[in-house]
Amino acid sequence: MKKLITMRVIPISLCLIFLGIIGYNSYQKYCYQSEVKLQSKLENKLAKRQDVANKALLSQLKRQHYDNYRYLKMNSFMETQINQVFSILYTFSDYQSYNKRQKLLKKYLSKQLQQDNRLFAKPVDSSGGDYIGTLKISSKFVNSEVYLMPQANLDTVSGLVLVTYRAQTGDQEAGVGTGVYKVNYNLKSKEFTEINQVTRLNTKMQE
């Protein structure tokens, strides 16, 4: 009788152990699957955040590239316009070529600037004589350096211009002079609305 009970108890115990192992394995499998799902969700969430960040960065880079391209294009355009204007302003050899500058610059300047006496002062002395011809004054444009300012108005471009020129009086050696100008250019009317001299540096004789 005891032997029979023992034989029955052993199989039951084995069954319980076996079921326990199965249950533990199932639990482990459940935990693993849950962990995998959670990891997958986290990875997807992080991937979405990274995708948003990447798109934002890409948008910023595109905007910077466009701004840089726009600046370079505008700077190139302004350099061309400014060189044309100052090459005319600072190039003359006699009374006639000095006065002709105003006509040549008409298409570049606003009506107000076309009448600006600071740009087109009459080349006569107090007695009405032609001092440019008398003193044999001549000037030749060398180059200009343009420094654009940030645009507060989309219709207007402002900047500073460093102009270099060679000036000569009579038979004296030509000297190199420089002047700094503040300029405003209207993009709609395609003309300069301000050309104002900020300072003029002393002319140095060429060595």
Side-chain angles (χ1 to χ4, degrees), residues 59-126 128 130-133 135 137-169 174-206:
S59 177
Q60 182 180 358
L61 291 174
K62 285 182 178 179
R63 186 165 58 252
Q64 289 176 350
H65 176 75
Y66 173 77
D67 290 342
N68 290 339
Y69 170 78
R70 185 172 177 272
Y71 174 82
L72 291 173
K73 187 176 181 180
M74 180 60 68
N75 194 69
S76 177
F77 170 78
M78 288 302 297
E79 282 181 349
T80 300
Q81 296 296 106
I82 287 169
N83 275 325
Q84 289 174 338
V85 167
F86 282 99
S87 65
I88 295 172
L89 272 178
Y90 273 95
T91 301
F92 59 88
S93 57
D94 52 29
Y95 181 87
Q96 286 76 20
S97 59
Y98 180 89
N99 281 335
K100 191 177 180 181
R101 300 173 310 141
Q102 192 170 11
K103 183 178 180 180
L104 293 174
L105 287 170
K106 185 176 180 180
K107 63 180 180 179
Y108 297 103
L109 308 180
S110 65
K111 290 183 178 180
Q112 184 177 355
L113 275 186
Q114 291 174 29
Q115 305 303 321
D116 193 332
N117 290 329
R118 294 171 299 178
L119 297 177
F120 306 108
K122 297 297 181 182
V124 294
D125 55 28
S126 57
D130 166 25
Y131 66 82
I132 288 182
L135 299 176
I137 298 173
S138 63
S139 176
K140 186 175 182 180
F141 173 80
V142 177
N143 61 43
S144 65
E145 297 178 26
V146 182
Y147 304 91
L148 295 185
M149 300 176 182
Q151 280 185 257
N153 186 337
L154 294 178
D155 295 334
T156 303
V157 180
S158 301
L160 292 175
V161 184
L162 176 63
V163 182
T164 303
Y165 60 95
R166 284 196 299 268
Q168 186 174 6
T169 301
V176 178
T178 54
V180 179
Y181 287 81
K182 181 180 183 298
V183 300
N184 282 332
Y185 184 86
N186 189 292
L187 294 171
K188 282 190 173 181
S189 61
K190 297 181 180 180
E191 59 188 16
F192 286 91
T193 57
E194 179 184 1
I195 299 178
N196 186 32
Q197 188 173 48
V198 178
T199 184
R200 181 189 295 272
L201 304 180
N202 291 332
T203 303
K204 295 182 179 181
M205 303 307 294
Q206 288 185 317

So the salt bridge (charged side-chain N to carboxylate O under 4.0 Å, His left out) pairs with at least one residue in residues 107-121 (sequence neighbours excluded) are Asp116-Arg118

Lys182 meets the salt bridge (charged side-chain N to carboxylate O under 4.0 Å, His left out) criterion, sequence neighbours left out, with Glu194

Between Gly179 and Tyr165 the two heavy atoms that sit nearest each other are N-CE2, 4.4 Å

Value for OG1 (Thr156) from CG (Asn186), rounded to nearest 0.5 Å, stands at 5.0 Å

Looking only at heavy atoms, the pair that brings Ser110 and Thr193 closest together is OG-CA, 3.9 Å

Hits for side chain to side chain donor-acceptor pair (under 3.5 Å) against Glu79, two or more places apart or cross-chain, chain-then-number order -> Asn75

Residue set satisfying salt bridge (charged side-chain N to carboxylate O under 4.0 Å, His left out) with Asp94, at least two apart, ordered chain then number -> none

task = For side-chain contact (heavy atoms from CB on, under 4.5 Å), just list the numbers for Leu187 and Met74, CA-CA rounded to whole Å, side-chain angles, deciding distance to a tenth of an Å, and then say yes or no.
result = CA-CA 10 Å; Leu187 294 171; Met74 180 60 68; 3.9 Å; yes

- Task: Would you indicate whether the side-chain heavy atoms of Leu89 and Val163 approach each other to under 4.5 Å?
- Result: no

Residues passing the ring-ring contact (aromatic ring centres under 6.0 Å, His included) test with Tyr185, sequence neighbours excluded, are Phe77, Phe192

Item checked: Intermediate values then yes/no, side-chain contact (heavy atoms from CB on, under 4.5 Å), Val146 and Leu148 -> CA-CA 6 Å; Val146 182; Leu148 295 185; 3.8 Å; yes

Value for CG (Leu109) from OG (Ser189), rounded to nearest 0.5 Å, stands at 11.0 Å

Quick note, ring pair (Phe, Tyr, Trp, His ring centres under 6.0 Å) partners involving residues 93-125, not counting sequence neighbours, are Phe92-Tyr98

Worksheet item: With a 4.5 Å heavy-atom cut-off, do Val142 and Val176 have their side chains touching?
Response: no

CG (Leu113) and CD (Gln102) are apart, to the nearest 0.5 Å, by 11.0 Å

Between the CD1 atom in Ile82 and the CG atom in Asn143, the distance rounded to the nearest 0.5 Å is 12.5 Å

The salt bridge (charged side-chain N to carboxylate O under 4.0 Å, His left out) partners of Lys188 (sequence neighbours excluded) come to Asp155

Taken to the nearest 0.5 Å, the spacing of Asn99 CG from Asp130 CG works out to 8.5 Å

Taken in chain and number order and not counting sequence neighbours, the residues that satisfy side chain to side chain donor-acceptor pair (under 3.5 Å) with Gln115 are none

Residues at least two apart in sequence or cross-chain that pass side chain to side chain donor-acceptor pair (under 3.5 Å) with Ser144, listed by chain then number, are Asn83

With sequence neighbours left out, the residues meeting side chain to side chain donor-acceptor pair (under 3.5 Å) with Ser158 are Asn184

Heavy-atom nearest pair, Ser93 first then Ser138, reads CA-CB, 3.9 Å

Taking it one step at a time, do Val85 and Val183 satisfy side-chain contact (heavy atoms from CB on, under 4.5 Å)?
CA-CA 11 Å; Val85 167; Val183 300; over 6 Å; no

Rounding to 0.5 Å, atoms CZ (Phe86) and OG1 (Thr164) come to a distance of 11.5 Å

Contacts of Thr91 meeting side-chain contact (heavy atoms from CB on, under 4.5 Å) (sequence neighbours excluded), chain-then-number -> Phe141

